[in-house]
Number of protein chains: 2
Amino acid sequence: MKLSKKSEYGLRALIELTLAYNRTTLQRHEIAERQHIPAEFLEQILLVLKRMGLLASRRGIKGGYQLIKPPESITLGQVIRMLDGPLAPIPCVSKTAYQKCSDCPYASTTSCPLQHVMGNVRNAIADILDHYTLKDFAYGRLQEER
Amino acid sequence: MKLSKKSEYGLRALIELTLAYNRTTLQRHEIAERQHIPAEFLEQILLVLKRMGLLASRRGIKGGYQLIKPPESITLGQVIRMLDGPLAPIPCVSKTAYQKCSDCPYASTTSCPLQHVMGNVRNAIADILDHYTLKDFAYGRLQEER
DNA sequence: AAAAAAGTTGACTAAGTCAGTTGGCAATTA
DNA sequence: TAATTGCCAACTGACTTAGTCAACTTTTTT
């Protein structure tokens, strides 16, 4: 049930990039310093986010990274899936990366106890992370109780 | 956000042991066959659950394992914590194994965005898993929507 | 044009975790 | 005492995590 450092650093970097959105670009080392992230590791993460279309970058002396999608249109769930893979605790309850379980004794049954409860867990996680945007995140919008 | 095989196998084994509760003991290979779990790996798991006080065992020719706590008194959350560690995605939001984050830039701040959202996630997970008992699980009680 | 700054890429690595396997020992029963 | 079963520790191979390093390309400044 753990969040990797990759996702943690990625999300923290996106706080900075969201705050700079439409205002300025940020260089790797600026983000790294502000968020205490190893700069070389951060780069890998920023490149993934770039390939996924969240960021643009410029090289050269006035280079840097910037967010190119509106921060209210990106959810934390999307970011975590890019960096860590599916949110679901087991593949057979994933909506974005479903895989049927191979040697589960309930595979041919109508209902598997584990699948049932883990389905609930995955929905609970996704309900939060897929409704929380980068804008909410960076500007500290409090999420109302559910 | 993944559940390990250890926890998956442990929970599935506990289905069998719950169904046998107060009726009979089960041997390692019986559980292994019914739930398609490698018997030697299963043993490690059963021993952990024994050390944690859930199971009793007898050696010798009529040996086996049995559940010694009422299945309605044990939650899936407890079991998963025994086998996988804390439910929380990051240590600084764990209730059972809290650790303050060391080099987070918000460490001395009143509010950390990541801590806030991950706290919600950990509560959502725990709300499900800490209210779902082995009895519910083994006998397929459907959990009402929330 | 050359130098410098920055991003890009791929390879590499040390440490740790996961999912088991193996083998010897201890207790129980027949 | 022999067979059976659980108990325990060590071990293994594959994989993941969290980085690091070196070489290279592009862009900008001088």
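As a basis for the values below, the full set of heavy atoms in this structure was taken, side chains included, without hydrogen atoms, waters or symmetry mates. Order of the sequence lines fixes the chain letters, A, B, ..., with proteins taken first and strands second; residue numbering starts at 1 for each chain.
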Atom-pair distance (CD on B/Glu33; P on D/dT5), nearest Å = 11 Å
Gap between atoms CG and P, on A/Leu42 and D/dT20 respectively (whole Å) | 12 Å
Reading nucleotides 23-30 of chain D from the 5' end, what letters show protein touch, with B for base, S for backbone sugar-phosphate only, - for no heavy atom under 4.0 Å?
-> --BSBSS-
Rounded to whole angstrom units, what separation is found between the CD1 atom of A/Ile37 and the P atom of D/dT20?
-> 13 Å
Protein-nucleotides 12-18 of chain D N/O pairs closer than 3.5 Å?
unit_1, atom_1, unit_2, atom_2, d
D/dA18, OP2, A/Lys5, N, 3.1

Roughly, in whole Å, what's the span from CG in B/Leu47 to P in C/dA26?
-> 16 Å
Please state how far atom CD1 in A/Ile45 lies from atom P in C/dG7, giving the value in whole angstrom units.
-> 15 Å
To the nearest angstrom, the OH-C1' distance between B/Tyr65 and D/dC8 comes to 11 Å
Does the base of D/dC21 carry an N or O that pairs as donor and acceptor with the side chain of A/Glu40 under 3.5 Å?
-> no
Which part of the nucleic acid, if any, lies within reach of B/Glu43 when heavy atoms closer than 4.0 Å are counted: base, sugar-phosphate only, or nothing?
-> base
Round to the nearest Å and state the distance from A/Ile31 atom CD1 to C/dA6 atom P.
-> 13 Å
Tell me, which pairs form a salt bridge (Lys or Arg N to Asp or Glu O under 4.0 Å) where one or both residues lie in residues 29-45 of chain A, sequence neighbours left out?
-> A/Glu16-A/Arg34, A/Arg28-A/Glu43, A/Glu30-A/Arg34
Any pair with a residue in residues 15-64 of chain A that passes ring-ring contact (aromatic ring centres under 6.0 Å, His included), sequence neighbours left out, goes on the list, sorted by first then second residue, please.
-> A/Tyr9-A/Phe41
Give a yes/no answer on whether the side chain of B/Ser57 brings an N or O atom under 4.0 Å of OP1 or OP2 in D/dC7.
-> yes
Is A/Leu46 touching bases, backbone alone, or none of the nucleic acid, heavy atoms closer than 4.0 Å?
-> nothing
Excluding sequence neighbours, so at least two apart, what forms salt bridge (charged side-chain N to carboxylate O under 4.0 Å, His left out) with B/Lys5?
-> B/Glu8
Would you find a donor on one side and an acceptor on the other, under 3.5 Å apart, between the side chain of A/His116 and the backbone of A/Cys112?
-> no
Should B/Met52 and B/Leu55 be regarded as members of a common hydrophobic cluster, given that ILVMFWY residues are connected when their side-chain heavy atoms come within less than 4.5 Å of each other, either directly or indirectly?
-> yes
Nearest listed nucleotide, side chain of B/Lys50, among C/dG7, C/dT9, D/dC7 = D/dC7
Mind checking what makes salt bridge (charged side-chain N to carboxylate O under 4.0 Å, His left out) contact with B/Asp84, not counting sequence neighbours?
-> none
Rounded off to whole Å, could you give me the CZ-to-C1' distance for the B/Arg28 and C/dG20 pair?
-> 13 Å
Scan residues 59-74 of chain A for pairs that pass side-chain hydrogen bond (donor to acceptor under 3.5 Å, both in side chains), counting only residues two or more places apart or in two chains.
-> none
Pairing residues for A/Arg81 by the salt bridge (charged side-chain N to carboxylate O under 4.0 Å, His left out) criterion, not counting sequence neighbours | A/Asp130
Listed once per pair and sorted, the ring-ring contact (aromatic ring centres under 6.0 Å, His included) pairs that draw on residues 66-105 of chain B, sequence neighbours left out = none
